[in-house]
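Computation of the quantities below employed the complete heavy-atom set of this structure, encompassing side-chain atoms and omitting hydrogens, waters and symmetry-equivalent molecules. Reminder, nothing fancy here: chain letters follow the sequence lines and each chain counts from 1.
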Amino acid sequence: MNSLGNKIFGSSDPLSREELEAYSSGQLSPEEMHALEERMAADPFSADAADGFAADPTAFAALDGLQAQFQEQLAQAAPTSSSFWTTSKLLISGAVMLGAGVGIYFLLQNPESSEIAEAQNTPNTVEEIDFTPEPELTIAEIDAAEPIAEEEQFTYEVALETQAPTTSTATSSSISHLELEDVNVTIVDYDTIAFDPVEEMEFIEQETVEEVEATTPTKVVQSNVMIAYIIDLKVVDYSDFYKTRIELYKLDYTHSQRFEHVDAQYETSVQQAENREDPDIITTYVPYADFLESAMKKFNQNDFGAALKDYRTILKFFPNDANAHFYGGLCYFNLGKNNKAVEYFDKVLENRINTFDQEALWYKTLIYIKRGHKKKATDLLEQIIAENGFYAERAQEELEKLTK
Amino acid sequence: MFKAKNNASRSDLELIQDYQRSGDNRHVGVLFERYNHLVFGVCMKYLKNQEESKDAVIKIFEKLLDDLKTNEISNFKSWLHTVTRNHCLMFIRKHKKQWEREQDLESAEYKLESEDEMAAVQAKELELTQLEKAIQLLKPEQRSVIELFYIQQKCYNDVAEITGFTMKQVKSYIQNGKRNLKIILTTKNELVR
C-alpha cells in the first residue's frame, strides 16, 4: 500500500489559520491532533508556524489587523488599482471616517481648553486602552531584559536634550496643598544591595530661564512644585516634603557583627552555623535625595536595569513619586517594555504635580508612533499641538510625517 | 473581480505568473491571504514578539512584490519559508547582542531545500515490505518514533508519553528518521529486499 510512503515522504497542504488555532487550543482529540501533526511533519513551514503560536497563543489575535494593514500597503503601492478590489470598500469607509475625523477636529479647534484638560484627566475607557496593564517585572525579569537598539533608546542625552525649560511657581511650603502622601513603609528586600553614601549634593534651585526665546509663557513649563537638577536632568524637589528615609537591607555573610568571643565548647556549632550561610541583616537609612541621585547616575550611565530597580524602590516608599515614574518610564522603554513605559507616563500625567506633564505626554506619543499605533498617536499629537506647549512644533512635524 | 477561476483554486505558481505578466499586485494579495498566518507564526517562533512579527510579515511581503517580478520560483511555499527564516535571522543579528538561540540559527545555514527529492521517493511505487525493512534499519529511537507516529497513528503527545522522549526529541527523531529512510531507499535500493 502506498499510503504509508505518502504519509512519510509526501508533502502536505499547509495548515490554515483555523487549523493552527484548533491545534494550539489543546482541545482536539488525539486522533485529530495526529492528523494535523502528520501534515505538519510533511510541511516544515506549518510546523515552524505552529511552534511560534505554541509559545504565545494570544498571538492569533494579532493577525486580525494584519490583512487590512497589508491591503493599505498594496493600495499605496499601486495607485492605479481599480475600484473592483474588495478592499476598496475598506478604503472608502476609511476615507469617510478620516473625513469625519477631520471634521470633528475642526469643530474642536475652538473649544475651551478645559475640554482638553478634562480629556487628559479622564481615564481612558477600557476600549480605548491600547496597552493592557501588566504586573511589575520581577528582579530576574529586569536582569534578563534586553535593551532596545541604541539609536532608539531614550538615553540620558536624549532626555537632556528633550526636556522642556521649566520654572517653578511654588515655594517650598506649598507642596502640602497638593495632598501628597508620605508613606512610612518598611520593606525587607533581599535583592536590594546596601547603598553607599555619596557626598551631599546640593539641590540647585532653578531661576527663571532667560535664554529661552519663547515669547509665549506656555513654552516654558510652569511647575507647581519646586524643581531641582541632578546631572542637569530635571527632578521634582521633594526634599521639604519627604521625611521618611529609604530603608535598605543588606545581607552580610561575613558575620562581622557577631560576637567574636565564643566558648570553646560551642566553637564547633558556631563553625557549623557559619558554614550554613546564616547572614546578618544590616540596615542602612538613606535620604531620598541621595538615593535619587544614585539612581540618576545609573540612568546617566545607561544602566537602565539598575536605575529601574532603584526607581521602583523609591516607589515602594513613595508610591506617587513623579521622578521615579518619569525616569522609570524611560528605563522601561529602553528595556523594551512599552506597556510599562506608557503605564508609568500615565501615572506622571495623573499626578497632581505637573512638572513632567509635557515630557511624559511627548514620550508617550513617541512610543505610540514607534509602535505604529497611528490612530492613537494622531490623537495625542493633536492634543499636544492644541495645548501649544513646548513640544507643539515637534508634534506638528510628527503629525505631518504620520499623515503623509 | 477575477474573471476565470476563483482565488482558492489558483495555484501559487499561477498567481505568481499572473503577477509577473500583469504587474497587478492584487495577485500577491491573494498569496498574502494564503500564507500570512504561517509567516507570522514563524516570525513569532524566532522573534518572540507580536509587534516585531507583524512588522516582519509586512516587510517580507513588500519585498515579495519586487522579488516575484524577477524570480522563477517553482515551490513558493518552501521558498517563502526560507525567506522568512532568513529575514528573522538577519533581524536578530542586527538587533540583539546576545540571543540565546543564535547558535542554533547560525549553524543552520538555510539553504533552499528542494522538496523534489522527497516527492520523487513518494512517486515510486513503494512496496510495503521495502519501506518496512528500511524502517527496521533505523536507529532504535528513530525507529520506535516513526512506528508509533506513522504506523500506529499516535499524536506527538502520546508518542512522547510512550517513549519517554520530550516533544522536541520526538519531532527531531521523526525528521531525522525520514531523512535516513530517504537515504536508505534511494541509494541502497537494491540492497533492501
Which bit of [X] is near chain B, if near means a heavy-atom gap under 4.5 Å: side chain, backbone, both or neither?
X	result
A:Leu20	side chain
A:Ala55	neither
A:Leu36	neither

Atom pair CE (B:Met44) and CG (A:Leu63), whose distance is rounded to the nearest 0.5 Å: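 B:Met44 atom CE to A:Leu63 atom CG measures 9.5 Å (nearest 0.5 Å).
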Just how far is it from atom NE2 of A:His373 to atom CD of B:Glu51, taken to the nearest 0.5 Å?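 Between A:His373 NE2 and B:Glu51 CD, I get 5.5 Å after rounding to 0.5 Å.
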Counting heavy-atom pairs under 4.5 Å with chain B, which one of [options] comes out on top?
options	value
A:Met40, A:Met33, A:Glu32, A:Arg17	A:Arg17
A:Gln69, A:Glu31, A:Glu38	A:Glu38
A:Ala59, A:Ala35, A:Ala149	A:Ala59
A:Ala61, A:Gly372, A:Gly52, A:Ala47	A:Gly52
A:Ala54, A:Ser16, A:Ser46	A:Ser16

When you look at B:His37 and A:Leu15, which way does the side-chain contact (heavy atoms from CB on, under 4.5 Å) test go after all the steps? CA-CA 9 Å; B:His37 62 292; A:Leu15 265 60; 5.6 Å; no
Top contributor to chain A contacts, counting heavy-atom pairs under 4.5 Å, from B:Asn157, B:Ile174, B:Leu181, B:Asp55: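 Heavy-atom pair counts peak at B:Leu181.
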Give, as side chain, backbone, both or neither, the part of [X] having an atom under 4.5 angstrom from any heavy atom of chain A.
X	result
B:Gln50	side chain
B:Asn36	both
B:Gln153	both
B:Lys54	both
B:Val39	both

Should [X] and [Y] count as side-chain neighbours, where that means a heavy-atom distance under 4.5 Å?
X	Y	value
A:Gln71	B:Phe32	no
A:Glu37	B:Phe149	yes
A:Ile8	B:Lys182	no

Could you tell me whether A:Lys375 atom NZ has more than 12 heavy atoms of other residues or ligands within 6.0 Å of it?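 At most 12 heavy atoms, drawn from other residues, nucleotides or ligands, come within 6.0 Å of this atom.
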Given the rule in the ring-ring contact (aromatic ring centres under 6.0 Å, His included) test, do B:Tyr156 and A:His34 qualify, once you have shown the distances and angles that lead to the verdict? CA-CA 7 Å; B:Tyr156 287 144; A:His34 172 85; 8.2 Å; no
If every non-hydrogen atom of [X] is compared with every non-hydrogen atom of [Y], which pair is closest and at what distance?
X	Y	answer
B:Cys155	A:Pro30	CB-O, 3.4 Å
B:Gly29	A:Phe70	CA-CE2, 4.4 Å
B:Gly41	A:Phe53	CA-CE1, 3.6 Å

Once the angle between the rings of A:Phe45 and B:Tyr35 is folded into 0 to 90°, is it parallel (under 30°), tilted (30 to 60°) or perpendicular (over 60°)?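 Parallel, since the angle between the ring planes stays under 30°.
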Cationic N near anionic O, under 4.0 Å, B:Lys168 to A:Asp51: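 The answer is no: the pair does not qualify as a salt bridge.
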Anything under 3.5 Å between a donor and an acceptor, one on a side chain of residues 58-69 of chain B, the other on a protein residue two or more places apart or in another chain? List them.
unit_1	atom_1	unit_2	atom_2	d
B:Glu62	OE2	A:Gln73	NE2	2.5
B:Lys63	NZ	B:Asp67	OD2	2.9

Side-chain (B:Lys48) to main-chain (A:Asp56) donor-acceptor, under 3.5 angstrom: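 Not a single qualifying donor-acceptor pair exists.
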